[in-house]
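Model, not experiment: these values are computed from the prediction.
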Amino acid sequence: MKHQPADVALAVKRLQHRHHRALSRALAPLGLSLVQWDTLRHLHREPDASLHDLAVLTFQTDQSFGSLATRMAERGLIERIPGPGRAVKHRLTAKGEQLRAEGQAAVNDVFKSSFHNLSAAQLQQLGDLLNTALGPDPTA
């Protein structure tokens with residue numbers, strides 16, 4: 001067997017680490033960290049998301065995401081809106097949407113560069129293989 005599971009897992013981790021470093025460099029001129037941009041991206045896709053949902057989507061604890069959300073609200077990137085009961089919903093502000101769009105362009109450039117050695121068919125195959133490996137979300 002050419003590719004042992006541990007070797008494939010390590011390659012996935014190395015690619016993820018490379019992406020994180022490159023994305024952090026690309027987002028820095030916008031004054032955004034990777035987790036801040038990821039928050040803006042998720043709120044663009046899921047307006048009115050709860051703090052807990054955003055914490056899960058961004059791989060944060062509820063407590064750490066609460067601190068992040070407070071800082072982002074203070075910067076005018078998101079707004080926190082009372083929901084039903086004790087729930088708090090989150091939405092992008094105009095400034096947050098602008099930075100999300102600018103960040104998306106930078107992120108697209110990083111990923112385009114990262115996968116430039118793959119043909120379109122290979123990229124699709126890689127995506128299919130990763131989705132198969134991931135299987136259904138056990139938390140859904």
Check P29 against A26 and note the closest heavy-atom contact, atom names and distance.
CD-O, 3.4 Å
Tell me which one of L32, L43, L92 satisfies side-chain contact (heavy atoms from CB on, under 4.5 Å) with L77.
L32
For Q98, give me all partners under side chain to side chain donor-acceptor pair (under 3.5 Å), at least two apart in sequence or on another chain.
E102
Residues that V107 engages under side-chain contact (heavy atoms from CB on, under 4.5 Å), provided they are two or more places apart:
L23, L27, W37, Q104, F111
Could you name each residue pair satisfying salt bridge (charged side-chain N to carboxylate O under 4.0 Å, His left out) that touches residues 14-39, not counting sequence neighbours?
D38-R41
Within the distance-only criterion (no hydrogens, no angle test), does the side chain of K89 pair as donor or acceptor with the backbone N or O of P47 below 3.5 angstrom?
no
Donor-acceptor list for residues 79-88 side chains, cut-off 3.5 Å, not counting sequence neighbours:
{"residue": "R80", "atom": "NE", "partner": "H90", "partner atom": "NE2", "Å": "3.3"}
{"residue": "R80", "atom": "NH1", "partner": "T70", "partner atom": "OG1", "Å": "3.1"}

Between L15 and L123, is there shared hydrophobic-cluster membership here, with clusters defined by ILVMFWY side-chain heavy atoms closer than 4.5 Å?
yes
Mind checking side chain to side chain donor-acceptor pair (under 3.5 Å) for S67 and listing every partner two or more places apart, or none if nothing turns up?
none
Contacts of T132 that satisfy side-chain contact (heavy atoms from CB on, under 4.5 Å) - sequence neighbours left out:
none
Which value, rounded to the nearest 0.5 Å, describes the distance between T93 atom OG1 and L99 atom CG?
8.0 Å
With the side chain counted from C-beta on, respond yes when F65 and T39 share a heavy-atom pair under 4.5 Å apart, and no when they do not.
yes
If hydrophobic clusters are built by linking Ile, Leu, Val, Met, Phe, Trp and Tyr wherever their side-chain heavy atoms come under 4.5 Å apart, do L130 and L118 end up in the same one?
yes
Donor-acceptor pair, S24 side chain versus H20 backbone, under 3.5 Å?
yes
Is any side-chain heavy atom of I78 closer than 4.5 Å to a side-chain heavy atom of L40?
yes
Who are the side-chain contact (heavy atoms from CB on, under 4.5 Å) partners of Q63, not counting sequence neighbours?
T61
Please enumerate all residues that pass side chain to side chain donor-acceptor pair (under 3.5 Å) together with S33, with sequence neighbours excluded.
Q36
Sequence neighbours excluded, the answer for salt bridge (Lys or Arg N to Asp or Glu O under 4.0 Å) partners of E97 is R100
Are L54 and Q60 packed together at the side-chain level, in the sense that at least one heavy-atom pair is separated by less than 4.5 angstrom?
no
Just jot down the side chain to side chain donor-acceptor pair (under 3.5 Å) partners of D62, sequence neighbours excluded, or say none.
H52
Mind checking ring-ring contact (aromatic ring centres under 6.0 Å, His included) for H44 and listing every partner two or more places apart, or none if nothing turns up?
none
Would you please test E46 and L57 for side chain to side chain contact (heavy atoms under 4.5 Å, CB included) and show each step?
CA-CA 11 Å; E46 297 184 37; L57 289 168; 3.9 Å; yes
Sorted by chain and residue number, the salt bridge (Lys or Arg N to Asp or Glu O under 4.0 Å) partners of D48 (sequence neighbours excluded) come out as R91
Looking just at side-chain N and O atoms, do S114 and H19 make a donor-acceptor pair shorter than 3.5 Å?
yes
